[in-house]
Protein chains: 2
Amino acid sequence: MPDAAPVAEPTPSFSPLYQQIKGLLVRSLETGEWKPGDAIPSEMELAARFKVSQGTVRKAIDELATENLLIRRQGKGTFVATHAEERVQYRFLRLRPDDGGAGSLQRRLLDCRRMRAPLDVARSLELKSGETAVQLRRLLLADGRPVVLDDIWLPGTPFKGLSIERLQGWRGPMYRLFETEFGVRMIRAEEKIRAVGAAEEEAEALAVPLGAPLLSVERLSFTYGDRPVELRRGLYNTSSHHYRNELS
Amino acid sequence: MPDAAPVAEPTPSFSPLYQQIKGLLVRSLETGEWKPGDAIPSEMELAARFKVSQGTVRKAIDELATENLLIRRQGKGTFVATHAEERVQYRFLRLRPDDGGAGSLQRRLLDCRRMRAPLDVARSLELKSGETAVQLRRLLLADGRPVVLDDIWLPGTPFKGLSIERLQGWRGPMYRLFETEFGVRMIRAEEKIRAVGAAEEEAEALAVPLGAPLLSVERLSFTYGDRPVELRRGLYNTSSHHYRNELS
DNA sequence: GAGTGGTCTAGACCACGGC
DNA sequence: CCGTGGTCTAGACCACTCG
């Protein structure tokens, strides 16, 4: 089985079969052969299709499952991961109430506009200068009190039909909307966190005093192929919530 | 092969062989049969010892490797993970300079004392009321400027001989000292992050104005068996650094 | 009972590191 | 050269889900 992947890696000069299979599977995910929520073919079928043993397919799927691209369900099959059925909504949101409660959040959309991407946004999203972007502004509230102020930037091209009406009519995670309506699936993200003092506008929106300490969370989200597709700048009021992280 | 592990789990009623092997390996790590930095026996040897196939041992080791308890090195063997040879020191510290530089940090130990554990500390470290704890206070500096103020709490019993002299004479990661001198190995940790305003003492130590926004990072670290063994309260000045996190 | 993923085995061969 | 971990295979059997 010669290298099926067209990419010419610089150093490795050797690619395990299961890595090549993994690449083929990712390609099928990218092209939408299997959509979020779908079951992919069984291990046996894939083994036959790729002319390898079931164990090799298994190892490829194993890695994609630990990367959260696929979900295994014993007795049922292997499924394309989705932001739909998340446990408590907001898969990437690490904010938790200080009392361990579930703490569901309400959303309030403040703004949605299209414009030429500012320079820093264009750089983060790898847009050419002059390309348009969509800016969303929204509030998350816990028990009616504002907790998160989000400033969300999306590349204009894939998110062509995004409008305030479309967003307001939507129930469920925003990332689920992106999947189903725009074919953009968020895979992973990087966050840069700092402490800042609330500026005037922010203080008003979050109902805190001017200069109150807030958590600034800048999130850059990526889709298949490590392409950045969302820049999100959040301000979190951490007086009764905290950002939770696990290290290992 | 009947269940070798004496534990009677509540629900599962079925434990894969490789999980039992994994348990035995962890036990050997706990008891110190293999110490941090050591090579453990080869897969073949372990397979013979446990009377299972090499593939079963392999799967057990695989999981321990992804949990960062073991480190595989092709051609050499499998080693017990250690905080010694960390890439840039500070394996658990997520703080990064805003310019991508390496940014090594200097340490300055401010205080080291033994006392009865305060109530909240005792609760976090699961100490009985009245038990003693060790408190460390230290500063981390980048380019001579203070960036992190840490307040570290350790249970008194395992850390009997810990003194300011012992700490000051130590080169290398603090967690490495804990491993070699006190037999306490940090496996994983949980952090709670918030934004706070600098109090008087803190502002002075970090050379920031009173009330300046700081990142408050409360870290609880665990050793084998999920036993908490360190509570660390850090204040980070994020004016030229940020806390970096990866989501997936 | 049929089909799925999950476990376990045994054996062959490959890539890497060090003697 | 040998020993280590890494890959790949083929086949058996187990556990879970669903009709």
Side-chain angles (χ1 to χ4, degrees), chain A residues 1-5 9-25 28 34 37-81 85, chain B residues 1-5 9-25 28 34 37-81 85:
Chain A
M1 200 94 314
D3 58 318
E9 290 293 352
T11 332
S13 79
F14 162 71
S15 176
L17 233 193
Y18 76 90
Q19 288 286 4
Q20 302 176 36
I21 303 298
K22 196 176 153 188
L24 294 175
L25 294 177
S28 289
W34 313 310
D38 286 359
I40 72 172
S42 75
E43 297 180 350
M44 282 307 214
E45 285 180 78
L46 290 171
R49 177 200 294 199
F50 298 132
K51 305 268 198 23
V52 299
S53 81
Q54 189 210 11
T56 302
V57 171
R58 167 166 284 269
K59 184 147 188 181
I61 292 179
D62 275 346
E63 291 205 355
L64 292 174
T66 66
E67 289 169 25
N68 295 116
L69 295 199
L70 297 177
I71 299 177
R72 292 174 164 293
R73 278 200 261 267
Q74 181 170 159
K76 300 180 72 173
T78 301
F79 298 78
V80 182
E85 49 198 310
Chain B
M1 204 92 315
D3 57 318
E9 290 292 352
T11 332
S13 78
F14 162 72
S15 176
L17 233 193
Y18 77 90
Q19 287 286 2
Q20 302 175 35
I21 303 297
K22 195 177 155 188
L24 295 175
L25 294 176
S28 289
W34 312 311
D38 287 359
I40 73 172
S42 76
E43 297 179 350
M44 283 306 215
E45 285 180 79
L46 290 171
R49 179 201 293 198
F50 298 132
K51 305 267 201 18
V52 299
S53 81
Q54 190 211 10
T56 302
V57 171
R58 167 166 283 268
K59 183 147 189 183
I61 292 179
D62 274 346
E63 291 205 354
L64 292 174
T66 65
E67 289 169 25
N68 294 117
L69 295 199
L70 297 177
I71 298 177
R72 291 174 164 293
R73 278 201 260 265
Q74 180 170 156
K76 300 178 72 174
T78 301
F79 299 78
V80 182
E85 51 198 309

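Reckoned from all heavy atoms, side chains included, excluding hydrogens, waters and symmetry mates.
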For atom CE of A:Met44 and atom C1' of D:dC13, their distance in whole Å
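Atom-to-atom, A:Met44 to D:dC13, this comes out as 13 Å.
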
Can you measure B:Phe79 atom CZ to C:dC16 atom C1' for me and round it to whole angstrom units?
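Rounding to the nearest Å, CZ of B:Phe79 and C1' of C:dC16 are 13 Å apart.
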
Distance-only donor-acceptor pairs under 3.5 Å for side chains of residues 63-70 of chain A, two or more places apart:
unit_1  : atom_1 : unit_2  : atom_2 : d
A:Glu63 : OE1    : A:Lys22 : NZ     : 2.7
A:Thr66 : OG1    : A:Glu63 : O      : 2.9
A:Glu67 : OE2    : A:Lys22 : NZ     : 2.8

Rounded to the nearest 0.5 Å, the CH2 atom of A:Trp34 sits from the CG atom of A:Leu25 at a distance of 5.0 Å

Distance from B:Glu43 atom CD to B:Lys59 atom NZ, nearest 0.5 Å?
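The CD atom of B:Glu43 sits 14.0 Å away from the NZ atom of B:Lys59.
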
Stretch residues 66-76 of chain A: residues that reach within less than 4.0 Å of DNA chain D through a heavy atom
A:Gln74, A:Gly75, A:Lys76

Any side-chain heavy-atom pair from A:Leu46 and A:Ile21 closer than 4.5 angstrom?
no

Close side-chain approach of A:Tyr18 and A:Val52, heavy atoms under 4.5 Å:
no

Which atoms of nucleotides 7-10 of chain C (N or O only) lie under 3.5 Å from a protein N or O atom, and what are those distances?
unit_1 : atom_1 : unit_2  : atom_2 : d
C:dT7  : OP1    : B:Tyr18 : OH     : 3.0
C:dT7  : OP2    : B:Lys59 : NZ     : 2.8
C:dC8  : OP1    : B:Leu17 : N      : 2.1
C:dC8  : OP2    : B:Leu17 : N      : 3.3
C:dC8  : OP2    : B:Tyr18 : N      : 3.0
C:dT9  : OP2    : B:Ser53 : N      : 3.0
C:dT9  : OP2    : B:Ser53 : OG     : 3.1
C:dT9  : OP2    : B:Thr56 : OG1    : 2.3

Would you please name every residue forming a side-chain contact (heavy atoms from CB on, under 4.5 Å) with A:Ser42, sequence neighbours left out?
A:Met44, A:Glu45

B:Ser53: what forms a side-chain contact (heavy atoms from CB on, under 4.5 Å) with it, not counting sequence neighbours?
B:Thr56

Can you name the residues that form a salt bridge (Lys or Arg N to Asp or Glu O under 4.0 Å) with A:Arg73, not counting sequence neighbours?
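Partners of A:Arg73 under the salt bridge (Lys or Arg N to Asp or Glu O under 4.0 Å) test: A:Glu85.
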
